[in-house]
Amino acid sequence: MTLDALRLEVPDILEDATASLSDLNEQLAQARLQPQETALQLILSLLFRLNRSAMTLLERQRALQSFSDQFHHYAAGYSADTPPPALFVHLCGELAIGFKRLLLQIVQSRHPSRPHLAWCLYMAQHFLAQSLLRHYQRYHEPPPTCGATATCCIGSANIRSAWTNPWRRASLRNRPTPCAASTNRCC
């Protein structure tokens with residue numbers, strides 16, 4: 001198995017970027033005491049430096065696990081109704097980069113462990129999926145209320161369900177839709 005940094009889209013390791021791992025957990029704990037936006041900026045800058053610094057496989061794995069815990073802490077605050085801030089979406093992407101870097105290190109080691117590879121690949125895919133889902137939640141999800149009448153939304157829901165049910169489609173074929181008559185097009 002051969003993987004390289006270009007195919008995994010992993011940034012180069014910078015010589016001047018050194019991550020201080022001795023006080024990483026202390027810095028992450030201090031970030032939790034800050035307001036959420038400031039904390040996300042701090043965590044993101046720490047992770048950004050970590051992803052671009054040289055470190056051993058075990059150091060990177062432990063650091064990424066700490067950042068994963070931070071992710072779960074902040075993800076609990078964002079429900080389906082509350083879109084996450086752009087910093088949180090970027091945090092998901094940086095976590096994916098970190099796990100791809102770790103995957104690359106595992107593959108380039110002398111005796112890569114298959115369970116370790118599988119776990120790391122899973123984590124990279126998990127954070128890539130989180131990044132895509134949070135991006136969708138932030139930018140492409142319609143607002144929870146459309147501002148139009150309930151008849152408009154119910155009528156469009158009936159039309160949508162008609163496409164999956166042929167008997168329903170036949171009954172609605174010649175009927176005007178409430179959305180077409182409404183000036184507030186919501187659906």
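Note that this is a predicted model, so its numbers are computed, not measured. All heavy atoms count here, side chains included; hydrogens, waters and symmetry mates do not.
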Calculate, to the nearest 0.5 Å, the distance between atoms [atom1] and [atom2] belonging to [X] and [Y] respectively.
{"X": "His135", "Y": "Arg138", "atom1": "NE2", "atom2": "CZ", "result": "8.5 Å"}
{"X": "Ser45", "Y": "Gln41", "atom1": "OG", "atom2": "CD", "result": "8.5 Å"}
{"X": "Ile43", "Y": "Gln34", "atom1": "CD1", "atom2": "CD", "result": "10.0 Å"}
{"X": "Gln30", "Y": "Asp23", "atom1": "CD", "atom2": "CG", "result": "10.0 Å"}
{"X": "Leu102", "Y": "Met123", "atom1": "CG", "atom2": "CE", "result": "10.0 Å"}
{"X": "Leu28", "Y": "Leu33", "atom1": "CG", "atom2": "CG", "result": "11.5 Å"}

*Honestly, is Arg52 close enough over Phe48, meaning NZ or CZ under 6.0 Å from the six-membered ring centre and within 45° of the axis?*
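Pair Arg52/Phe48 counts as cation-pi.
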*Among Leu42, Ile97, Leu64, whose side chain to side chain contact (heavy atoms under 4.5 Å, CB included) with Leu47 holds?*
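Only match with Leu47 under side chain to side chain contact (heavy atoms under 4.5 Å, CB included): Leu64.
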In terms of hydrophobic clustering (I, L, V, M, F, W, Y; side-chain heavy atoms under 4.5 Å; direct or indirect links), are [X] and [Y] co-clustered?
{"X": "Tyr122", "Y": "Leu57", "value": "yes"}
{"X": "Leu128", "Y": "Leu50", "value": "no"}
{"X": "Leu44", "Y": "Tyr74", "value": "yes"}

Under 4.5 Å between any side-chain heavy atoms of [X] and [Y], yes or no?
{"X": "Trp119", "Y": "Gln61", "result": "yes"}
{"X": "Leu40", "Y": "Glu37", "result": "no"}
{"X": "Pro112", "Y": "Val107", "result": "no"}

Kindly give the heavy-atom pair with the smallest separation between [X] and [Y], and that separation in Å.
{"X": "Leu46", "Y": "Arg49", "answer": "CD2-NH2, 3.0 Å"}
{"X": "Ala31", "Y": "Ala39", "answer": "O-CB, 2.9 Å"}
{"X": "His126", "Y": "Phe71", "answer": "NE2-CE2, 4.2 Å"}
{"X": "Asn51", "Y": "Arg60", "answer": "CA-NH1, 4.0 Å"}
{"X": "Arg134", "Y": "Cys92", "answer": "CG-SG, 4.1 Å"}
{"X": "Arg32", "Y": "Asp69", "answer": "NH2-O, 3.7 Å"}

Any donor-acceptor pair under 3.5 Å linking the side chain of [X] with the backbone of [Y]?
{"X": "Glu94", "Y": "Leu91", "value": "no"}
{"X": "Gln105", "Y": "Met55", "value": "yes"}
{"X": "Thr82", "Y": "Tyr78", "value": "no"}

*Assess whether side-chain contact (heavy atoms from CB on, under 4.5 Å) is satisfied between Ser66 and Asn25, documenting all intermediate values.*
CA-CA 7 Å; Ser66 296; Asn25 288 330; 3.1 Å; yes
*Decide ring pair (Phe, Tyr, Trp, His ring centres under 6.0 Å) for Phe127 and Phe99; before the verdict, give the C-alpha distance in whole Å, the side-chain angles of both, and the deciding distance to 0.1 Å.*
CA-CA 9 Å; Phe127 286 113; Phe99 279 101; 5.7 Å; yes
*Between Leu24 and Phe67, does a side-chain contact (heavy atoms from CB on, under 4.5 Å) hold up when you go through it step by step?*
CA-CA 10 Å; Leu24 178 65; Phe67 281 105; 3.8 Å; yes
